[in-house]
Amino acid sequence: MPISFRTCNVRIDTTMEFSKYFLTLFILQAIFLHPSILAAPKNSNLFREYIGAEFNNVRFTDVPINSNVEFHFILSFAIDYTTSSSPSPTNGKFNIFWDSDNLSPSQVSSIKSDHSNVKVALSLGGDSVGNGYAYFNPSSVDSWVSNAVSSLTDIIQQYNLDGIDIDYEHFSADPDTFAECVGQLIKTLKKNGVISFASIAPFDDDQVQSHYLALWRSYGHLIDYVNFQFYAYDQGTTVSQFMKYFEEQSSNYEGGKVLASFISDGSGGLSPDKGFFTACNRLKSQQQLHGIFIWSADDSKGEGFRYEKQSQSLLAIPH
């Protein structure tokens, strides 16, 4: 009986040790696979700016670059439409619609060589093409993804780009189809080592949000930044309203790095001269300033890029 009793104890102890081992393994796995368990996103020195959509001869070298920030130029736009006088959808076969004369592959290489803190991405979609809206209009998930991976890999490698941004604003497909197409595109480009980061650029519109939130639910873990277009809110937005909007969208895109934003021409949202930087300082004090982006360098050119300088100075202050 004593021997049997001790044997039983050994079995119990062994079982307990195995249980502790697997529990520890589970916790470690959860932490490494889901970093948000450790901490929410904190302040960042990331500055991003869209460039090239308005063909006003703006160049990378025109824009002031603070060496103490992480700087992303976002070429606007690559669109899966034909480049004819009456553009039509091409089911994921992307073409260049930015000012490629002034923002060429050699100029991308040059700005990245001159500034080690600069990366360059391209944005997909945008509001319009030719004289009409640019619609997300796939024939099927598989065909769109196949075409998009192929055409974008060619453009990204030709231009030595680092990432993509998703800025479709009009849709001829349901949210789940959008989520699968774009999610699989990001997943494949990352897996193939073609891009190192991806962002999305939604704004507060029911149709837009339904599509991007479907994408976020299924593929949010692959999306590095949320370029929320806070300038799509009404012109004259106050600091307190901006803070409320930021909280709402941070809740919608939970766990994501939602960036603060403004539009250079002051046509919407909270403008820099009405308190944008006050709001940014509040976010910074709350460890929620994940970065700033501006639409766009094209519009800022005529203003001497003064708000680009101010944005980067704020971000460069140690947090």
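Only a predicted model underlies this, so the values are computations on that prediction, with no experimental measurement involved. Computed over heavy atoms, backbone and side chain alike; hydrogens, waters and symmetry mates excluded.
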Engineer: For Y219 and E180, which I'm curious about, is there any donor-acceptor pair between the side chains at under 3.5 Å?
Structural biologist: yes
Engineer: Below 4.5 Å, heavy atoms only, C-beta onward: do N137 and N91 meet side chain to side chain?
Structural biologist: no
Engineer: With a 6.0 Å cut-off (strictly less than), is the heavy-atom count around NZ of K187, excluding the residue itself, greater than 12?
Structural biologist: no
Engineer: Taking S300 for the side chain and F305 for the main chain, is one N or O donor matched with an acceptor at less than 3.5 Å?
Structural biologist: no
Engineer: Got a donor-acceptor contact below 3.5 angstrom from the Q184 side chain to the C181 backbone?
Structural biologist: no
Engineer: If you measure only the distance, is there a donor-acceptor pair under 3.5 Å linking the side chains of D234 and T237?
Structural biologist: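 The criterion, which ignores hydrogens and geometry beyond distance, is not satisfied for T237 and D234.
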Engineer: Taking the ring centre of each residue, are F60 and H115 less than 6.0 Å apart?
Structural biologist: no
Engineer: Side chains of F276 and F242, heavy atoms from C-beta outward: is any pair under 4.5 Å?
Structural biologist: yes
Engineer: So, D224 side chain and A198 main chain: donor-acceptor pair closer than 3.5 Å or not?
Structural biologist: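 Here the side-chain-to-backbone pair exists.
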Engineer: May I ask whether Y231 and I200 are part of the same hydrophobic cluster, defined by side-chain heavy atoms of I, L, V, M, F, W, Y residues being less than 4.5 angstrom apart, directly or through others?
Structural biologist: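 Looking at the clustering, I200 is in a separate group from Y231.
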Engineer: Do the side chain of S150 and the main chain of S146 share a donor and acceptor less than 3.5 angstrom apart?
Structural biologist: no
Engineer: Nearest 0.5 angstrom please: H211 NE2 to D176 CG, how far?
Structural biologist: 9.0 Å
Engineer: Should the ring pair F277 and Y307 be called parallel, tilted or perpendicular, given that the plane angle runs from 0 to 90° and is split at 30 and 60?
Structural biologist: tilted
Engineer: Counting N and O atoms only, with roles assigned by atom type, does the side chain of S264 sit under 3.5 Å from a partner on the main chain of S296, one being a donor and the other an acceptor?
Structural biologist: yes
Engineer: Could you go through the side chain to side chain donor-acceptor pair (under 3.5 Å) check for N281 and T278 one step at a time?
Structural biologist: CA-CA 5 Å; N281 278 311; T278 300; 6.0 Å; no
Engineer: Quick one: do the Q107 and S104 side chains pair a donor with an acceptor below 3.5 Å?
Structural biologist: yes
Engineer: Using a distance-only test with no angle check, is there a side-chain donor-acceptor pair under 3.5 angstrom linking S271 and D273?
Structural biologist: yes
Engineer: Would you say V194 ends up clustered with I155 if hydrophobic residues are merged whenever their side chains have heavy atoms under 4.5 Å apart, either directly or through other cluster members?
Structural biologist: yes
Engineer: Side-chain heavy atoms nearer than 4.5 Å, only ILVMFWY residues, links allowed to pass through others: does that put I294 and F197 together?
Structural biologist: no
Engineer: Give a yes-or-no answer on whether the side chains of S143 and S140 include a donor-acceptor pair shorter than 3.5 Å.
Structural biologist: yes
Engineer: Checking F293 against H72 for the ring pair (Phe, Tyr, Trp, His ring centres under 6.0 Å) test, could you report, in this order, the C-alpha distance in whole Å, the side-chain angles of both residues, the deciding distance, and whether it holds?
Structural biologist: CA-CA 9 Å; F293 80 88; H72 292 181; over 10 Å; no
Engineer: Can you tell me if CD on E254 sees more than 12 non-hydrogen neighbours from other groups inside 6.0 Å?
Structural biologist: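 No.
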Engineer: Counting only heavy atoms not in F55 (residues, nucleotides, ligands), do more than 12 fall under 6.0 Å from its CZ?
Structural biologist: yes
Engineer: Could you tell me whether E247 atom CD has more than 12 heavy atoms of other residues or ligands within 6.0 Å of it?
Structural biologist: no
Engineer: Strictly distance-based, threshold 3.5 Å: is any side-chain N or O of K257 a donor or acceptor partner for the main-chain N or O of S44?
Structural biologist: no
Engineer: We want to know whether S84 and S86 form a side-chain donor-acceptor pair, criterion being a heavy-atom distance below 3.5 angstrom.
Structural biologist: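 Short answer, no.
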Engineer: Answer with yes or no whether the side chains of D80 and T90 bring together a donor and an acceptor at under 3.5 Å.
Structural biologist: no
Engineer: So, the side chain of Q235 versus the backbone of G266: is there a donor-acceptor pair under 3.5 Å, distance only?
Structural biologist: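 Confirmed, Q235 side chain pairs with G266 backbone.
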Engineer: Any chance you could lay out the ring pair (Phe, Tyr, Trp, His ring centres under 6.0 Å) test for Y245 and Y233, step after step, and finish with the verdict?
Structural biologist: CA-CA 9 Å; Y245 298 150; Y233 288 107; 3.7 Å; yes
Engineer: Decide whether V108 and L152 are clustered together by the hydrophobic rule: side chain heavy atoms of Ile, Leu, Val, Met, Phe, Trp, Tyr closer than 4.5 Å, transitively.
Structural biologist: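 Yes; tracing contacts between hydrophobic side chains, which count when under 4.5 Å, links both residues.
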Engineer: Is the backbone of L103 close enough, under 3.5 Å, to the side chain of S100 for a donor and an acceptor to pair up by distance?
Structural biologist: no
Engineer: At what distance, to the nearest 0.5 angstrom, does OG of S128 lie from OH of Y81?
Structural biologist: 10.5 Å
Engineer: Just one of K119, K190, K112 clears the salt bridge (charged side-chain N to carboxylate O under 4.0 Å, His left out) bar with D162, so which one?
Structural biologist: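 Exactly one pass, corresponding to K112.
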Engineer: Measure from the side-chain N and O atoms of N43 to the backbone N and O of L289, and report whether any donor-acceptor pair falls under 3.5 Å.
Structural biologist: yes
Engineer: Between Y253 and Q209, do the side chains contain a donor N or O and an acceptor N or O under 3.5 Å apart?
Structural biologist: yes
Engineer: So F71 and F73, would you call those rings parallel, tilted or perpendicular, with 30° and 60° as cut-offs?
Structural biologist: tilted
Engineer: So, do F230 and F246 have ring centers that fall under 6.0 Å from each other?
Structural biologist: yes
Engineer: Say you draw a straight line from CD of E248 to CD of Q241; how long is it, rounded to the nearest 0.5 Å?
Structural biologist: 10.5 Å
Engineer: Checking the side chain of S210 only, and the main-chain atoms of Q207 only, is there a donor and an acceptor separated by less than 3.5 Å?
Structural biologist: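 Judged by distance alone, yes, a pair lies under 3.5 Å.
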Engineer: Show your working on ring pair (Phe, Tyr, Trp, His ring centres under 6.0 Å) between W144 and F136 and close with a plain yes or no.
Structural biologist: CA-CA 10 Å; W144 188 92; F136 176 73; 5.3 Å; yes
Engineer: Say whether Q312 and E49, considering side chains only, have a donor N or O and an acceptor N or O under 3.5 Å apart.
Structural biologist: no
Engineer: Are D165 and Y50 close enough that a side-chain donor and a side-chain acceptor fall under 3.5 Å?
Structural biologist: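 The answer is yes; a qualifying pair exists.
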Engineer: Quick check for you: to the nearest 0.5 Å, what is the distance between N252 atom CG and D204 atom CG?
Structural biologist: 8.5 Å
Engineer: Can you tell me how far CG of N160 sits from CD of Q158, rounded to the nearest 0.5 angstrom?
Structural biologist: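 Reported value, rounded in 0.5 Å steps: 11.0 Å.
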Engineer: Compare all side-chain heavy atoms of V182 with those of V145 and state whether any distance is below 4.5 angstrom.
Structural biologist: no
Engineer: Any donor-acceptor pair under 3.5 Å linking the side-chain atoms of S199 with those of R48?
Structural biologist: yes
Engineer: Quiz question: by atom type and distance under 3.5 Å, do the side chains of D127 and H170 form a donor-acceptor pair?
Structural biologist: yes
Engineer: Indicate, with yes or no, if L222 and I156 share a hydrophobic cluster defined by side-chain heavy-atom contacts under 4.5 Å among Ile, Leu, Val, Met, Phe, Trp and Tyr.
Structural biologist: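 Same hydrophobic cluster.
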Engineer: For the side-chain contact (heavy atoms from CB on, under 4.5 Å) test, which of I51, L122, I79 pairs with W98?
Structural biologist: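 Of the listed residues I51, L122, I79, the side-chain contact (heavy atoms from CB on, under 4.5 Å) partner of W98 is L122.
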Engineer: Look at atom CG of N192 and say whether more than 12 heavy atoms of other residues, nucleotides or ligands are closer to it than 6.0 Å.
Structural biologist: yes
Engineer: Are I317 and K284 packed together at the side-chain level, in the sense that at least one heavy-atom pair is separated by less than 4.5 angstrom?
Structural biologist: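 SC-SC contact between I317 and K284 confirmed.
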Engineer: So, applying side-chain contact (heavy atoms from CB on, under 4.5 Å) with D298, which one of D99, N57, D265, V58 is it?
Structural biologist: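 With D298 as partner, D99, N57, D265, V58 yield a single side-chain contact (heavy atoms from CB on, under 4.5 Å), made by V58.
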Engineer: Quick check, are the ring centers of F178 and Y212 under 6.0 angstrom apart?
Structural biologist: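 Yes, ring centres under 6.0 Å apart.
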